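Note that these values count all heavy atoms, side chains included, but never hydrogens, waters or copies made by symmetry. What you see is a predicted model; the values in this text were computed from it and never measured.
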Amino acid sequence: QVQLVESGGGLVQVGGSLRLSCAASERTFSSYPMGWFRQAPGKEREFVAHINWDGSIRYHADSVRGRFTISRDNAEKTIYLQMNTLKPEDTAVYYCAAQARVGHWSDTRSYDYWGQGTQVTVSS
């Protein structure tokens, strides 16, 4: 069982930056591909970014590519999401997740473990 705890969310103005963190409890954290997802009010949870076990492969959604960057530090059992040039449409609850089953990296059903989420609000 992997426990994930997100932090770093908050209120920021348009064009600002935030860095989200997701800390894992599991010693085998480094074996899990990880993802970031977000969910805005009234909308489905959507894919944001994915990183493989050693950080050599990364994917970002089209809507955030060039502005957001996913990374990980396996020694610290933590993944990060650096968010720059934030827009109002980035407002959502952001979740990190660990992928423990075979499936597409952008599909929520491929992820078994989820954090509780952290709120990001971008004001215009």
Side-chain angles (χ1 to χ4, degrees):
Q1 185 78 12
V2 180
Q3 293 183 327
L4 302 171
V5 179
E6 301 97 335
S7 61
L11 175 64
V12 63
Q13 291 187 332
V14 169
S17 298
L18 282 174
R19 188 195 196 201
L20 304 184
S21 299
C22 171
S25 63
E26 177 60 43
R27 288 179 299 170
T28 58
F29 164 79
S30 62
S31 66
Y32 290 99
M34 299 290 295
W36 284 101
F37 292 78
R38 67 186 181 186
Q39 188 166 18
K43 295 187 177 181
E44 293 187 354
R45 193 168 298 188
E46 66 173 3
F47 168 76
V48 174
H50 172 92
I51 189 166
N52 74 330
W53 71 276
D54 67 353
S56 61
I57 299 174
R58 312 180 196 193
Y59 300 107
H60 297 83
D62 290 344
S63 59
V64 306
R65 190 173 297 118
R67 299 187 299 121
F68 292 10
T69 302
I70 189 171
S71 62
R72 69 190 297 160
D73 184 335
N74 285 339
E76 296 295 325
K77 296 185 292 183
T78 301
I79 67 167
Y80 305 96
L81 186 68
Q82 178 66 45
M83 306 187 295
N84 299 327
T85 319
L86 282 160
K87 304 176 181 180
E89 52 264 43
D90 295 319
T91 295
V93 177
Y94 283 71
Y95 300 89
C96 67
Q99 184 178 11
R101 66 181 69 185
V102 175
H104 199 274
W105 36 264
S106 68
D107 190 340
T108 58
R109 295 170 297 180
S110 300
Y111 294 80
D112 290 273
Y113 306 107
W114 293 83
Q116 83 289 348
T118 185
Q119 176 71 47
V120 172
T121 303
V122 184
S123 65
S124 57

Q) Mind checking what makes side chain to side chain donor-acceptor pair (under 3.5 Å) contact with Asp54, not counting sequence neighbours? A) Asn52, Ser56

Q | Contacts of type side chain to side chain donor-acceptor pair (under 3.5 Å), residue Arg58, not counting sequence neighbours | A | none

Tell me, do [X] and [Y] make a side-chain contact under 4.5 Å, heavy atoms counted?
X     : Y      : value
Tyr32 : Asp112 : no
Leu18 : Val120 : yes
Pro33 : His50  : yes

Q) Checking ring pair (Phe, Tyr, Trp, His ring centres under 6.0 Å) for the pair Tyr111/Phe37: CA distance, chi angles, key distance, verdict? A) CA-CA 11 Å; Tyr111 294 80; Phe37 292 78; 5.0 Å; yes

(Q) Apply side chain to side chain contact (heavy atoms under 4.5 Å, CB included) to residues Gln13 and Leu86 and explain how you reach the verdict. (A) CA-CA 8 Å; Gln13 291 187 332; Leu86 282 160; over 6 Å; no

Q. Hey, is CD on Glu89 packed in by over 12 heavy atoms from elsewhere, all under 6.0 Å?
A. yes

Q.
Could you check whether atom CD of Gln116 has more than 12 heavy atoms from other residues, nucleotides or ligands sitting under 6.0 Å from it?
A. yes

Grab the two heavy atoms, one from [X] and one from [Y], that are nearest each other, plus how far apart they are.
X      : Y      : result
His60  : Ala49  : CD2-CB, 3.7 Å
Ser123 : Leu11  : CB-CD1, 4.1 Å
Thr78  : Ser21  : CG2-CB, 4.3 Å
Ser110 : His104 : OG-O, 2.9 Å
Pro88  : Ser124 : CG-CB, 4.1 Å
Ala24  : Val2   : CB-CG1, 4.4 Å

Q. Got a sec, which residues hit salt bridge (charged side-chain N to carboxylate O under 4.0 Å, His left out) with Arg19, two or more places apart in sequence or on another chain?
A. none

For the backbone of [Y] and the side chain of [X], can you confirm whether one donor and one acceptor N or O come within less than 3.5 Å of each other?
X     : Y      : value
Gln99 : Gly103 : yes
Asp73 : Glu76  : yes
Ser25 : Gln3   : yes
Thr91 : Thr121 : no
Ser31 : Phe29  : no

Q. Tyr80 ring centre to Arg72 NZ or CZ under 6.0 Å, with the angle to the axis within 45°?
A. no

(Q) To the nearest 0.5 Å, what is the distance between SG on Cys96 and CD1 on Ile70? (A) 9.5 Å

Q | Gap between atom CH2 of Trp36 and atom OH of Tyr95 - 0.5 Å precision | A | 12.0 Å

Q: Go through the steps to decide whether Tyr113 and Met34 satisfy the test side chain to side chain contact (heavy atoms under 4.5 Å, CB included), and finish with yes or no.
A: CA-CA 10 Å; Tyr113 306 107; Met34 299 290 295; over 6 Å; no

Q | Qualifying residue for side-chain contact (heavy atoms from CB on, under 4.5 Å) with Leu20, from Val48, Ile79, Leu81 | A | Leu81

Q. Salt bridge between Glu46 and Arg38, side-chain N to carboxylate O under 4.0 Å?
A. yes

Q | Sidechain N-carboxylate O distance under 4.0 Å for Asp90, Lys87 | A | no

Q. Same cluster for Met83 and Val14 if Ile/Leu/Val/Met/Phe/Trp/Tyr side chains link at under 4.5 Å?
A. yes

Q: Step through it carefully: locate the ring centre of Trp105, locate the ring centre of Phe47, and say whether they are under 6.0 Å apart.
A: yes

Q: Go through the side-chain N and O atoms of Ser17 and Asn84 and say whether any donor and acceptor fall under 3.5 Å apart.
A: yes

